[in-house]
Amino acid sequence: MDKSRNWRIGATSFLVTAAFLAECSAVPVQAAAAMDSVTNERIVSSVSSNPSAALKKKITREANLALRALKDRDFETLADMAAPSGIRFSPYAYVGVGADLVLTPQQIREAWENRKPYIWGLYDGSGEVIRLDFRGYYDRFLNNLPYTAPDGVGYNRIIGSGNTVSNLKEVYPDAQFVEFYVKGGRSGIGNVGGMDWGSLRFVFEQKQGEWKLSGIISDQWTI
């Protein structure tokens with residue numbers, strides 16, 4: 001892995017989102033929920049684990065690096081960042097521990113060329129099985145909105161929320177996470193009343209003294 005390249009990517013991404021993080025940190029963590037006046041989306045704050053400034057900077061940089069690697073389809077970098085057991089991909093806010101697919105670092109490296117369909121969980125609303133190869137899942141849940149130009153960034157704080165309850169803190173109790181939120185109206189699918197918003201959450205856990213990427217959680221409006 002080209003570490004100097006990764007540093008340049010991470011530094012650039014960090015500058016893009018630093019202003020968002022500064023704004024997010026000013027929001028009281030005890031606020032349970034608020035309503036967005038334009039989209040009527042719930043803005044939900046999770047309880048912060050009160051990390052140090054150095055840890056926040058490190059995890060923020062790592063999340064930006066992971067987001068950029070995902071956008072650029074740089075799966076070698078993403079695999080290097082993954083926890084030894086792999087990355088769990090959750091299509092919705094509720095993490096299905098036994099249902100959501102976990103890809104090992106080696107599977108992530110080979111994911112784009114592997115056209116084998118996987119079962120990723122169930123579609124919201126219909127309850128039908130999400131049966132897609134990695135490219136299909138990528139287009140539907142990971143690259144469906146411009147997450148590299150977010151409307152909000154939350155550190156250990158959930159911004160966008162539909163009707164699906166998030167159990168992130170229960171599944172990953174000792175984790176740090178960064179959310180990249182894109183508001184409604186930017187999907188290009190027409191006027192749907194702001195319900196076309198989306199979020200990506202990058203979840204990091206400490207493994208053998210290093211912070212590694214354990215989960216990527218997609219979130220969107222659910223019924």
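Please read all numbers here as calculations on a predicted model, not as lab measurements.
When the salt bridge (charged side-chain N to carboxylate O under 4.0 Å, His left out) test is applied to R140, no partner is found at least two apart in sequence or on another chain. Annotation: side chain to side chain contact (heavy atoms under 4.5 Å, CB included) contacts of Q208 (sequence neighbours excluded): none. Applying the ring pair (Phe, Tyr, Trp, His ring centres under 6.0 Å) criterion to Y147, with sequence neighbours excluded, gives no partner residue. Under the salt bridge (charged side-chain N to carboxylate O under 4.0 Å, His left out) criterion, R73 pairs with no residue at all, not counting sequence neighbours. Evaluation of the ring pair (Phe, Tyr, Trp, His ring centres under 6.0 Å) rule for Y118 yields W120 as partners, not counting sequence neighbours. Evaluation of the ring pair (Phe, Tyr, Trp, His ring centres under 6.0 Å) rule for Y92 yields F141 as partners, not counting sequence neighbours. Judged as a salt bridge (charged side-chain N to carboxylate O under 4.0 Å, His left out), and not counting sequence neighbours, E62 has no contacts. The ring pair (Phe, Tyr, Trp, His ring centres under 6.0 Å) check on F204 picks up nothing, with sequence neighbours excluded. Residues satisfying the salt bridge (charged side-chain N to carboxylate O under 4.0 Å, His left out) criterion with R109, sequence neighbours excluded, are E76, D80.
Taking 4.5 Å as the limit, every side-chain heavy atom of F177 sits out of range of all side-chain heavy atoms of Y172. Side-chain contact between P91 and Q220 is absent, with no heavy atoms from C-beta onward closer than 4.5 Å. By the 4.5 Å heavy-atom criterion applied to side chains, V153 and V178 are counted as neighbours. Contact check for I108 versus I87: side-chain heavy atoms found under the 4.5 Å cut-off. Side-chain contact between S90 and V95 is present, with heavy atoms from C-beta onward closer than 4.5 Å. Within the 4.5 Å cutoff, side-chain heavy atoms of R88 are placed close to those of V97. Using a 4.5 Å cut-off on side-chain heavy atoms (C-beta onward), Y181 and D219 make no contact. A 4.5 Å side-chain heavy-atom check between I217 and V203 finds at least one atom pair inside the cut-off.
For Y94, the OH atom counts as loosely surrounded, since its 6.0 Å shell holds 12 or fewer non-hydrogen atoms of other residues, nucleotides or ligands.
Inspection of the S187 and D196 side chains reveals an N or O donor paired with an N or O acceptor under 3.5 Å. Residues E210 and Q206 have side chains that never bring a donor and an acceptor to within less than 3.5 angstrom of each other.
Hydrophobic clustering (side-chain heavy atoms under 4.5 Å, transitive across Ile, Leu, Val, Met, Phe, Trp, Tyr) keeps V102 apart from L70. In the hydrophobic cluster analysis, where Ile, Leu, Val, Met, Phe, Trp and Tyr join through side-chain heavy atoms closer than 4.5 angstrom, W112 is grouped together with M81.
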Next item on the list: Kindly indicate, with the supporting measurements, whether the criterion salt bridge (charged side-chain N to carboxylate O under 4.0 Å, His left out) is fulfilled by K116 and E110.
Entry: CA-CA 11 Å; K116 172 187 175 182; E110 300 168 353; over 6 Å; no
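With N156 contributing its side chain and Q176 its backbone, the two residues share no donor-acceptor pair below 3.5 Å. Using modelled atom types, no side-chain atom of R68 and backbone atom of T148 make a donor-acceptor pair closer than 3.5 Å. A donor-acceptor contact shorter than 3.5 Å links the side chain of N64 to the backbone of T60. Side-chain N or O atoms of N167 include none that pairs as donor or acceptor with a backbone N or O of E170 at under 3.5 Å.
Evaluation of the salt bridge (charged side-chain N to carboxylate O under 4.0 Å, His left out) test over residues 97-108, restricted to residues two or more places apart or in two chains, returns none. The list of salt bridge (charged side-chain N to carboxylate O under 4.0 Å, His left out) pairs with a residue in residues 125-134, not counting sequence neighbours, reads R115-D133.
The only option from I159, D151, N144 that meets the side-chain contact (heavy atoms from CB on, under 4.5 Å) definition with V182 turns out to be D151.
Contact between P146 and R186 at its shortest, heavy atoms only, is CG-NH2, 3.4 Å. Contact between L213 and A66 at its shortest, heavy atoms only, is CD2-CB, 4.1 Å. Across all non-hydrogen atoms, the minimal contact from A83 to P105 is O-CG, 3.7 Å. Listed here is the closest heavy atom pair of M195 and W221: O-CB, 3.2 Å. Minimum heavy-atom separation, K212 to A82: CE-O, 3.1 Å.
Hydrophobic cluster membership of L122, counting Ile, Leu, Val, Met, Phe, Trp and Tyr whose side-chain heavy atoms lie under 4.5 Å apart directly or via other members: I119, V129.
Separation of atoms OG (S166) and CD (E179) is listed at 9.0 Å; rounding is to 0.5 Å.
Centroid-to-centroid, the aromatic rings of Y138 and F89 stay 6.0 Å apart or farther. Residues F180 and F202 place their aromatic rings such that the two centres sit under 6.0 Å apart.
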